[in-house]
Amino acid sequence: MNCVSCDEPMIVLEVDEVEIDYCLECGGIWLDSGELGILLGDEEKVQHVIKDAVPAPKKTETFRKCPICLKKMDEIEIGKDEDKIYIDRCKQSHGHWFDKGELREVLDFMDHGESAKVVKLLKETFGE
Ligand SMILES: [Zn+2]
Ligand SMILES: [Zn+2]
C-alpha cells in the first residue's frame with residue numbers, strides 16, 4: 001500500500017495482531033476500519049468518537065484518496081473547541097488516515113494516549 005499523503009510505499013507494523021500501515025517518509029498511519037477499536041480494546045468508544053464524528057466544516061486544501069478504493073476521502077473533526085483534530089475517513093468506510101502525530105492526539109482524546117500499545121511501539125521504534 002502506498003502512502004496516502006506522499007505516495008511512498010508504507011511499511012506494515014503489527015500491534016495486537018492489527019496491521020498498521022506506516023509511512024517512514026511522513027509518519028502518517030493508515031488504519032483499516034475497525035482496527036482502531038481493536039487497538040484500544042474499546043470499540044464502543046471508537047464508534048462514539050469516530051463514527052459519529054461530523055464532516056469538518058473547514059476543509060484543508062488537500063484531498064486524500066483512500067488507498068483501497070482510491071476515492072476522495074472525507075475530512076472529519078474529532079475533539080472540541082480549540083483542540084480539534086482533523087482526520088481523513090473513506091466515504092465507504094475502508095478506514096482512516098492519520099497524519100503524523102494525529103493518531104496519538106486521537107488516542108489522547110480518548111484517554112488512551114499513554115497506555116496504548118501502538119503509542120508505545122511508535123515511541124520505541126521511531127522516537128515519536
Ligand atoms: Zn507518507
Ligand atoms: Zn475506500
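This is a predicted model, so every value here is computed, not measured. All values below come from the heavy atoms of this structure, side chains included, with hydrogens, waters and symmetry mates left out. First listed ligand is number 1; within each ligand, the first listed atom is number 1.
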| message | Is it true that, when you exclude Glu14 itself, more than 12 heavy atoms of the residues, nucleotides or ligands shown sit nearer than 6.0 Å to its CD? | response | yes
Starting from the C-alpha separation in whole Å, work towards a yes-or-no answer on side chain to side chain contact (heavy atoms under 4.5 Å, CB included) for Lys71 and Lys91.
CA-CA 8 Å; Lys71 298 242 165 67; Lys91 289 186 207 311; over 6 Å; no
When rounded to the nearest 0.5 Å, the distance separating CD of Glu19 from CD of Glu17 is 10.0 Å
Rounded to the nearest 0.5 angstrom, the CG-CD1 distance for Asp32 and Ile38 is 9.5 Å
Here the vertex angle at the Zn ion (ligand 2) for SG of Cys66 and SG of Cys69, given to 10°, is 110°
Checking distances from the Zn ion (ligand 2), one finds that the N, O or S atom of His94 closest to it is ND1
In this structure, the Zn ion (ligand 1) sits at the vertex of an angle between SG of Cys23 and SG of Cys26 that rounds to 10° as 110°
